[in-house]
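Take a look at the structure set out below.
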Protein chains: 4
Amino acid sequence: MAQTPSTRDRLVTQAALLFQRKGYHGVGMAEILDAAQAPKGSLYHHFPNGKSDLALAAAHFAADQMLQILDASFKDADSLRDGVTTFCYKLAKLFDINDKWIGCPVSATLFESPTNTEFRQATCDIFQMWLDATVRHATSKGATEAKARALADALWMTLQGAWSLSRVRGSSDPIKTVPALVLRDE
Amino acid sequence: MAQTPSTRDRLVTQAALLFQRKGYHGVGMAEILDAAQAPKGSLYHHFPNGKSDLALAAAHFAADQMLQILDASFKDADSLRDGVTTFCYKLAKLFDINDKWIGCPVSATLFESPTNTEFRQATCDIFQMWLDATVRHATSKGATEAKARALADALWMTLQGAWSLSRVRGSSDPIKTVPALVLRDE
Amino acid sequence: MAQTPSTRDRLVTQAALLFQRKGYHGVGMAEILDAAQAPKGSLYHHFPNGKSDLALAAAHFAADQMLQILDASFKDADSLRDGVTTFCYKLAKLFDINDKWIGCPVSATLFESPTNTEFRQATCDIFQMWLDATVRHATSKGATEAKARALADALWMTLQGAWSLSRVRGSSDPIKTVPALVLRDE
Amino acid sequence: MAQTPSTRDRLVTQAALLFQRKGYHGVGMAEILDAAQAPKGSLYHHFPNGKSDLALAAAHFAADQMLQILDASFKDADSLRDGVTTFCYKLAKLFDINDKWIGCPVSATLFESPTNTEFRQATCDIFQMWLDATVRHATSKGATEAKARALADALWMTLQGAWSLSRVRGSSDPIKTVPALVLRDE
DNA sequence: AATGAATGAGCTTTCATTCAT
DNA sequence: AATGAATGAAAGCTCATTCAT
């Protein structure tokens with residue numbers, strides 16, 4: 001049943017991975033096309049605005065993946081603590097199997113320049129989506145609305161920092177310390 | 001008494017600023033040369049290895065600046081809480097006067113590609129320098145060695161994330177929440 | 001029927017001519033692009049490795065031209081002496097109509113540096129191709145295999161030197177003395 | 001008694017070697033200065049016209065060396081054949097100890113472009129100097145003036161070609177065949 | 001939807017040279 | 001005689017994009 005992914009899908013998948021590793025300006029179109037095994041000219045059919053369209057699509061794709069990991073982590077969790085911990089350890093594993101060098105798939109992809117408002121807005125929207133989902137999961141595990149919001153904020157901010165530190169140190173340990181840091185009050 | 005800075009110094013200063021805003025690959029040599037009012041050919045006299053040498057020098061320069069802000073914040077602080085808070089608010093102000101779009105000056109400058117071990121090592125060294133200084137300040141304000149270490153780790157990791165979030169939101173608020181997050185146990 | 005040559009063909013032709021006159025390092029890409037009336041970016045579409053790819057293509061193109069001149073010289077020749085003499089005089093004419101400043105199209109193009117093994121191997125292959133063809137023509141005119149080999153060796157070595165001397169003196173006379181030098185035993 | 005060579009001498013020696021290996025355009029001033037351990041700014045004191053002056057000095061220096069080898073080869077020679085053979089074998093040895101990649105020190109250094117008349121004239125003068133010396137040695141060994149001239153012409157032309165072929169093949173064998181080729185009539 | 005050639009602005013870097021000291 | 005900083009033109013090459021088919 002496993003179909004060969006379409007050219008468009010391959011482009012998005014590979015772009016997401018590459019941008020996440022080397023940043024928007026660190027990846028060239030040729031590299032993406034090569035990784036996706038896509039012919040040179042076909043890109044602008046799928047993404048009329050070229051690289052920026054592709055980056056946005058890649059960021060949204062990666063954001064959805066992240067959301068799925070979050071949902072899966074909380075689905076079978078017995079507690080808030082359990083859900084957060086599972087989520088962070090899943091991300092730590094993802095980090096390890098990606099050469100210990102991936103960061104937040106969205107900020108790595110969409111931090112392009114101070115003046116790119118389209119990218120900034122998209123990043124903001126995605127972060128809000130993640131925060132909202134986290135709040136939902138936290139309240140479903142018994143947290144108050146206020147506590148859920150505070151936890152979600154702390155979780156995602158700390159995760160951003162943990163990704164940076166993990167890359168620098170070449171170890172997923174910082175990511176694994178996130179639950180302890182954000183759940184101290186529990 | 002204020003002397004005109006040397007060409008080399010102007011290059012480092014401007015490069016530090018630009019890399020911090022747009023990342024290593026997001027800044028071209030021409031842009032740096034232009035900002036530093038330096039002629040094209042003179043760069044490779046001071047930095048034989050070109051852009052990468054300049055980026056390393058810029059990162060170390062920015063790292064020292066950060067250290068000075070840290071030292072100044074703790075010098076007149078009455079307590080650990082006071083020092084951390086002053087430090088974060090100084091950074092928040094720095095963020096605001098820089099178009100609300102600067103991140104960690106080191107990771108923005110030296111996150112180039114997974115395989116660049118020289119950059120990764122330099123980043124690691126600078127982070128350690130920051131952590132060591134923070135531990136020193138914390139113990140001098142009465143914290144135990146263990147507590148000082150834990151605080152330093154949490155502070156710098158959370159700061160990394162706060163910078164990201166502040167950029168996304170166009171507001172220094174996330175940076176200002178860092179003290180509360182890392183000092184909850186005090 | 002004469003079609004406009006393709007961009008690729010124009011690049012190869014002009015590159016062959018320019019390299020032959022000024023050597024690999026003496027010709028810039030801009031000069032070749034200009035001579036071929038080709039836009040800057042198109043070169044790396046046809047020659048992904050840039051200048052070195054183009055030089056190899058140019059050398060092979062020039063080598064084939066040389067082979068055609070050799071074949072034509074021997075085709076209607078009544079004797080070995082006749083073929084060799086016709087060949088050298090054709091080359092002398094070519095030298096004269098090229099500002100009296102062209103050398104061996106292959107060594108001028110591919111003598112780049114001692115460590116460039118790819119260029120050295122290509123040069124070696126082309127020389128062998130010329131030698132083999134010469135041996136074939138010589139035997140077809142009645143020479144023994146051994147004599148044919150000795151003649152081919154002497155011819156091409158002497159020709160190399162004659163080109164050098166002709167350039168220095170600004171006269172095709174040295175080239176015209178080659179038949180006498182290599183056919184003394186006939 | 002062995003003095004440290006002057007900066008000027010070191011520049012000429014190293015330039016001669018480098019030009020001979022990589023050609024005039026294949027060697028940069030920085031490379032020469034580095035090889036000669038000479039400070040950047042001092043070159044234009046010794047060679048006001050820069051690279052071209054240095055190349056001319058290097059070519060003349062190498063030409064004199066060649067003349068000394070020629071003289072030494074004929075000084076103790078019992079016959080014309082003996083002198084020519086010794087000379088070629090000395091050159092073959094020189095070729096071998098120089099990574100099997102040196103050519104005529106003069107044409108490699110001074111073949112710059114078709115329009116450089118100063119270089120062309122210098123090359124012509126040096127070749128004439130070599131030819132004259134060879135004629136002198138040949139007549140001193142009993143050859144007639146006419147025979148001596150013919151031999152000198154053949155010797156130097158064949159040598160030029162032999163150097164090319166030796167470089168291509170990475171073997172001094174072609175150089176060693178020169179005596180046989182030019183002395184067939186003896 | 002797909003293709004490969006074309007495009008020229010832009011990239012980082014190297015060039016031979018000149019300057020003030 | 002020597003020095004190292006300065007200089008900008010030019011080097012070879014890559015860029016994201018567009019075009020005709």
Side-chain angles (χ1 to χ4, degrees), chain A residues 6-8 11 24-34 37-55, chain B residues 6-8 10-11 24-34 36-55, chain C residues 6-8 10-11 24-34 36-55, chain D residues 6-8 11 24-34 37-55:
Chain A
S6 70
T7 295
R8 201 200 122 98
L11 280 168
Y24 182 80
H25 290 292
V27 185
M29 297 304 292
E31 192 178 358
I32 297 172
L33 288 163
D34 188 61
Q37 299 262 64
K40 298 238 157 172
S42 71
L43 191 139
Y44 290 85
H45 276 280
H46 303 292
F47 305 96
N49 281 350
K51 192 180 187 180
S52 66
D53 269 9
L54 180 55
Chain B
S6 71
T7 297
R8 204 199 119 100
R10 274 180 286 131
L11 281 167
Y24 183 78
H25 290 294
V27 185
M29 298 305 293
E31 193 177 357
I32 298 171
L33 259 358
D34 190 60
Q37 298 262 69
K40 216 154 212 179
S42 73
L43 193 142
Y44 291 84
H45 180 70
H46 301 290
F47 304 96
N49 284 344
K51 194 179 186 178
S52 67
D53 267 10
L54 180 55
Chain C
S6 70
T7 297
R8 204 199 118 99
R10 273 179 288 131
L11 281 168
Y24 182 78
H25 290 292
V27 185
M29 298 306 293
E31 192 176 358
I32 297 171
L33 259 358
D34 189 62
Q37 298 262 66
K40 214 154 214 180
S42 72
L43 192 142
Y44 291 84
H45 180 70
H46 301 289
F47 304 96
N49 283 345
K51 194 178 186 178
S52 66
D53 268 9
L54 180 55
Chain D
S6 69
T7 296
R8 201 198 122 99
L11 281 168
Y24 182 78
H25 290 293
V27 185
M29 297 303 293
E31 192 177 357
I32 297 171
L33 288 164
D34 189 61
Q37 300 261 65
K40 298 237 157 173
S42 70
L43 191 141
Y44 290 85
H45 276 281
H46 303 293
F47 305 97
N49 283 349
K51 193 178 186 180
S52 66
D53 269 9
L54 180 55

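Numbers restart at 1 for each chain; the letters A, B, ... are given by sequence-line order, proteins then strands.
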**Request:** Going 5' to 3' through nucleotides 12-21 of chain F, assign each nucleotide B (protein heavy atom under 4.0 Å from a base atom), S (under 4.0 Å only from sugar-phosphate atoms) or - (no protein heavy atom that close).
**Result:** SBB-SBB---
Over how many whole Å does the gap from [X] atom [atom1] to [N] atom [atom2] extend?
X     : N      : atom1 : atom2 : value
B:I32 : E:dG10 : CD1   : P     : 17 Å
C:D34 : E:dG8  : CG    : C1'   : 14 Å
A:F47 : E:dA2  : CZ    : C1'   : 15 Å
C:Q37 : E:dT7  : CD    : P     : 12 Å

**Nucleotide pairing, DNA chain E (Watson-Crick or G-U, distances under 3.5 Å), in dot-bracket with [ ] and |** = .||||||||||||||||||||
**Message:** For the backbone of C:Y24 and the side chain of C:K51, can you confirm whether one donor and one acceptor N or O come within less than 3.5 Å of each other?
**Reply:**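 Judged by distance alone, yes, a pair lies under 3.5 Å.
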**Asked** Considering residues at least two apart in sequence or located in another chain, which fulfil the side-chain hydrogen bond (donor to acceptor under 3.5 Å, both in side chains) criterion with C:H25?
**Response**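 If we apply the side-chain hydrogen bond (donor to acceptor under 3.5 Å, both in side chains) test to C:H25, skipping adjacent residues, the hits are C:E112.
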**Item:** Residues in side-chain hydrogen bond (donor to acceptor under 3.5 Å, both in side chains) contact with D:T7, at least two apart in sequence or another chain
**Value:**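 D:R10.
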**Euclidean distance, D:L43 CG relative to D:K40 NZ, rounded to 0.5 Å** =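 Interatomic distance, D:K40 NZ to D:L43 CG, rounded to 0.5 Å: 11.5 Å.
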**Asked** Under 4.0 Å between a side-chain N/O of C:T7 and OP1 or OP2 of E:dA6, yes or no?
**Response**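 Checking E:dA6 against C:T7, a side-chain N or O does come within under 4.0 Å of OP1 or OP2.
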**Item:** Heavy-atom pair of closest approach, residues D:P39 and D:L33
**Value:**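 Smallest interatomic distance, heavy atoms only, reads O-CD2, 3.7 Å.
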**Prompt:** Considering residues at least two apart in sequence or located in another chain, which fulfil the side chain to side chain contact (heavy atoms under 4.5 Å, CB included) criterion with A:D53?
**Reply:**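 Here the qualifying residues are A:F47, A:P48, A:N49.
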**Asked** Are A:M29 and A:L54 side-chain neighbours, meaning at least one heavy-atom pair lies under 4.5 Å?
**Response**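 Yes, their side chains come closer than 4.5 Å.
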